[in-house]
2 protein chains.
Amino acid sequence: MADVAREVGVTAKTVSRVLNDDGPVAVETRERVMEAVRKLGYQPNLMARNMRVGARDAAIGLVIPEMGNPFFGTVAGGVESVVRPRGLTLIVGSSSETAELERSLVATFLARRVSGLMIVPSAAGDHRYLRAERAAGLPIVFLDRPAVGMAADHVVSGNREGARQGVAHLLAHGHRRIGFVGDLPAVLYTRRERFQGYRDALEAAGLPFDRALVESGHDQEAASAAVVRLLALPDPPTALFAANNFASMGAVVALARARRRDVALVGFDDLPLAEVLEPPLTVVAQDPAAIGTAAAELVLSRLDGRPSRAACREQIPTRLIARGSGELPPSR
Amino acid sequence: MADVAREVGVTAKTVSRVLNDDGPVAVETRERVMEAVRKLGYQPNLMARNMRVGARDAAIGLVIPEMGNPFFGTVAGGVESVVRPRGLTLIVGSSSETAELERSLVATFLARRVSGLMIVPSAAGDHRYLRAERAAGLPIVFLDRPAVGMAADHVVSGNREGARQGVAHLLAHGHRRIGFVGDLPAVLYTRRERFQGYRDALEAAGLPFDRALVESGHDQEAASAAVVRLLALPDPPTALFAANNFASMGAVVALARARRRDVALVGFDDLPLAEVLEPPLTVVAQDPAAIGTAAAELVLSRLDGRPSRAACREQIPTRLIARGSGELPPSR
DNA sequence: ACAGCCGATGTCAACGTTGACATGTGTCAA
DNA sequence: TTGACACATGTCAACGTTGACATCGGCTGT
């Protein structure tokens, strides 16, 4: 900047004024500055600017479990689409679903003095350590799952209601024994909610809950094995509800391997090839981009000074997409 | 920092020394400083540090076309896994495959004084504007596609050889008329390379090239339509080579809709549910994570002062995964 | 006993930018 | 003619850190 100023024969401050459209500058001076900027290829140093101006970085920190997962990738895309037009940069890190990495990422972001924090919390974490930051006015929003140990803004899917609808869909097609295949029970929020939705649907239909019909597995293989166990029961289910996309894929694989075209299936979360499967997969689709945009807008509204101390929760509705696999009649 | 110093009764500089393990500090002082840091919840300001120390931000800027696309998401994950252990933060933006957004993202990153730039270039771009930065020593690496108008480091898949292998696989199973379904021809690098591989394979087998067997479409629907056109030819292909994952999905859908179980298919790029399809999809798999890690290591090596002016190119090999769809015999 | 050195800390300035305030020049109304 | 005011620009300090160099007391070796 000093170089540009020298070139034109003015002070750095004048250059600054030109570049920020701040204060009155003579038209001629402005033009000469602009030309010098071009000539010297000068680019203002955002770091220095951020430091001087706000002590806050014009950036939003986002923690997701995994970048390769299209669900979270799409969430991130939603966030970016809202945040960029506001001149904010997106800083991303993946936690591999571990509380430790998540915390270290958050520490890095805080050290950078980001303007907002968006976190897809990992299951095992405890977020009390963020209370001070939140109290200090830093916008913090949790995505896909709520924070643990702290009341904070969060945006989640309508997991319970979505699952209820999916299971109700199977019930409507005559099924009475419906298996549930989910992630490991432990503490995972989404699994808990969806399981509740499953029970809601059964209860609304006046059906008993049978613990034997509930199986779990953390990845596709484990989910496959879980499905095999369910089908081997003395009184096996005629339909399955898969509570996440790994479970869906596992179920699809297991059914295909066993050549069981007679078992109905509804999966939670849409899959790219769902419509090409045999039979096409009926799903309860989430809207990951909407989760991202809603959360980002929440951050921006906090940034714009919505003061409300109260934590707010936003639910993004799911959508049932009937394609065939959920419409099979019970086989017995 | 000043607060911490006051609390302990030392100078800011001493606090700085403790925090950076820099210079000798009495054990007792160190402990008192640490305690004050904890007590006051002090966190060093990375922006200020970066500015003072290097005038470079300890961050890497990454431009990808789309975050929701698992291919690029996985690439980003690979980058992060290499870059984070080195204490570098990842800043990401998506270009939606437009040169304009790409350029504006790059401008933002440059303004932040990132330590390195990684770009998946969009098709229409021209990267000459980056020559000055590169000459000034900023590590710049292009991913998945080379830069346009500038010699620069890049890491790409073995597109041509991979496509050749995929098509050779079909030839080995007796096919003589093999359709090619790719993205729009225009300028897209990967499409061009894969098309060359297709022709390489034909030529090696002594087969004539038939322009009528080449069709294009930019998304899944268009690719489906392209396949329909191919199958409606007077002398239709008995096998198809789909040059990217949209084309693969489109082909799968088209074949399923037409109930054509007799057409062999090899796709470029693996798909999550490939093995569940009927028949399971044979693919030429890329290794997106490896592209990301290789590119990141290239950036780091440049950062560590590998001076070489020469641009270097790295190819990540592909892998043929035979699953069934590519092993169907010709139907006539 | 004294030079020399090491360990512990302090002082000052600088990184690149902008906010607060000051200065100087010309214009216009009274 | 003069005071007021708008405009164009300059000066200085500060944001939070750390590099370069200075200071000071005590320990070592001869």
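Quick note on labels: first sequence line is chain A, next is B, and so on, each numbered from 1. Being a predicted model, the structure only gives us computed values, none of them experimental.
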Notebook entry, point to check: Counting any heavy atom closer than 4.0 Å, what does A/T11 reach on the DNA or RNA strands: base, sugar-phosphate only, or nothing?
Noted result: base
Note to self: Less than 4.0 angstrom from a charged side-chain N to a carboxylate O is my criterion; do B/D126 and B/R103 meet it?
What the structure shows: no
Check: Reading nucleotides 15-24 of chain D from the 5' end, what letters show protein touch, with B for base, S for backbone sugar-phosphate only, - for no heavy atom under 4.0 Å?
Finding: BBBBB-----
Item checked: End axis versus end axis in the helix from C/dA1-D/dT30 to C/dA30-D/dT1, the angle rounded to 10°, five pairs used at each terminus -> 40°
Notebook entry, point to check: Is B/D183 salt-bridged to B/R192, cutoff N-O under 4.0 Å?
Noted result: no
Item checked: Under-4.0 Å salt bridge between B/R32 and B/E28 -> yes
Item checked: Residue pairs fulfilling side-chain hydrogen bond (donor to acceptor under 3.5 Å, both in side chains) with at least one residue in residues 57-66 of chain A, sequence neighbours excluded -> A/N50-A/D57, A/D57-B/R112
Checklist line | Set of residues satisfying side-chain contact (heavy atoms from CB on, under 4.5 Å) with respect to A/S94, sequence neighbours excluded | finding: A/M67, B/E80
Next item on the list: Not counting sequence neighbours, which residues clear side-chain contact (heavy atoms from CB on, under 4.5 Å) with B/P65? List them please.
Entry: B/F72, B/S95, B/E97, B/V120, B/R145
Note to self: Please check: side-chain N/O of B/R134 versus main-chain N/O of B/A151, any donor-acceptor pairing under 3.5 Å?
What the structure shows: yes
Notebook entry, point to check: Would you call A/R302 and A/D153 a salt bridge, using N to O less than 4.0 angstrom?
Noted result: yes
Checklist line | Close residues, residues 23-37 of chain A, relative to DNA chain D [heavy-atom separation under 4.0 Å] | finding: A/P24, A/V25, A/A26, A/T29
Checklist line | Any side-chain donor near an acceptor of the partner, B/Q315 and B/H154, under 3.5 Å | finding: no
Checklist line | B/T14 side-chain N/O to C/dG10 phosphate OP1/OP2 under 4.0 Å | finding: yes
Next item on the list: Indicate yes or no for a side-chain donor-acceptor contact from B/T293 to the backbone of B/A289 under 3.5 Å, with no hydrogens or angles considered.
Entry: yes
